[in-house]
Each structure stands twice: as C-alpha cells, then as structure tokens.
Amino acid sequence: MLKTTGKERSDASVHLAIKLIVAKLNVAAGASDALIADWITAADDFLAGFAGKLPYNLRPGSDDGKEAHMLAAALSQFN
C-alpha cells in the first residue's frame with residue numbers, strides 16, 4: 001500500500017506515479033497496452049527526469065505539475 005500524507009497526495013508527481021503504477025499493473029494483468037504504451041513511456045521518462053525519491057514537490061499549477069496531471073489524465077482514461 002502506498003502511504004502518503006495529505007501534503008504528498010496534493011503533489012502532482014505522486015498523482016502521476018499512482019496512475020502509472022495502476023496502468024502498469026493493468027498491463028501486467030493482461031490488458032492490452034496498444035493504446036497506452038506511449039503514455040506509459042512518456043510518464044516513465046517524465047518521472048525519470050527528477051532526482052531522488054517521490055514526492056518531487058510538483059505544485060499542480062507549475063509547468064511540471066501541469067504536465068504531470070496531463071499524463072495522469074491520459075493514464076486514467078486507460079485505467
């Protein structure tokens with residue numbers, strides 16, 4: 001179980017990581033990744049651009065926060 005505090009849950013990097021984990025689990029469980037593979041790669045690449053461990057302190061209104069939320073929304077459509 002991913003344990004977070006209220007502050008971490010509002011972090012865009014955590015929001016994206018949760019959606020990415022769910023998408024990867026769905027694919028591992030047998031869902032086709034034909035429509036989502038590029039989004040999974042993009043989310044992985046985005047998160048790999050930050051050093052250290054989550055959370056990356058991405059405010060939702062920042063440019064990085066907006067990108068994280070856009071990627072999370074795309075993954076949510078699949079999930």
Side-chain angles (χ1 to χ4, degrees):
M1 179 174 175
L2 181 62
K3 294 182 181 184
T4 61
T5 66
K7 181 181 177 188
E8 290 166 331
R9 280 192 296 264
S10 66
D11 188 291
S13 62
V14 173
H15 179 71
L16 174 56
I18 290 168
K19 299 300 181 181
L20 180 58
I21 290 165
V22 172
K24 288 182 173 187
L25 287 172
N26 283 334
V27 171
S32 172
D33 70 347
L35 298 175
I36 199 70
D38 289 343
W39 289 108
I40 289 173
T41 300
D44 274 332
D45 290 347
F46 177 80
L47 291 173
F50 297 92
K53 300 187 313 184
L54 286 167
Y56 299 129
N57 300 311
L58 302 182
R59 294 182 323 269
S62 69
D63 288 343
D64 283 336
K66 289 176 185 176
E67 184 172 355
H69 278 295
M70 183 271 305
L71 290 166
L75 294 172
S76 287
Q77 292 297 314
F78 172 73
N79 296 331

Handout entry: Taking every non-hydrogen atom, the tightest pair across Lys66 and Gly61
Key = CE-O, 3.2 Å
Handout entry: Between Ser13 and Asp11: side-chain donor-acceptor atoms closer than 3.5 Å
Key = yes
Handout entry: Shortest non-hydrogen separation from Ala74 to Ile36 and the atoms involved
Key = O-CD1, 3.9 Å
Practice task
Please name the pair of heavy atoms, one in Ala17 and one in Leu54, separated by the smallest distance, quoted to 0.1 Å.
Solution key: CB-CD1, 3.4 Å
Handout entry: Atom of Phe78, atom of Ala31 and distance for their closest heavy-atom approach
Key = CZ-CB, 3.9 Å
Exercise for the section: Name all pairs fulfilling the side-chain hydrogen bond (donor to acceptor under 3.5 Å, both in side chains) condition that reach into residues 25-50, sequence neighbours left out, sorted by first residue then second. Expected result: Lys24-Asp44, Asn26-Asn79
Problem - Over 12 foreign heavy atoms within 6.0 Å of CG, Leu35 - result: no
Problem - Interatomic spacing from OG in Ser76 to NE2 in His69 - rounded to 0.5 Å - result: 10.5 Å
Exercise for the section: Answer yes or no: is there a donor N or O on one side and an acceptor on the other, between the side chain of Ser62 and the main chain of Leu58, under 3.5 Å? Expected result: no
Practice task
Please work out which of the three classes, parallel, tilted or perpendicular, describes the rings of Tyr56 and Phe50, given edges at 30° and 60°.
Solution key: parallel
Exercise for the section: List the atom of Leu71, the atom of Ala42, and the distance in Å for their closest heavy-atom pair. Expected result: CD2-CB, 3.8 Å
Completion exercise
Of all heavy-atom pairs linking Leu75 and Leu16, the shortest is CD1-CD1, 3.9 Å
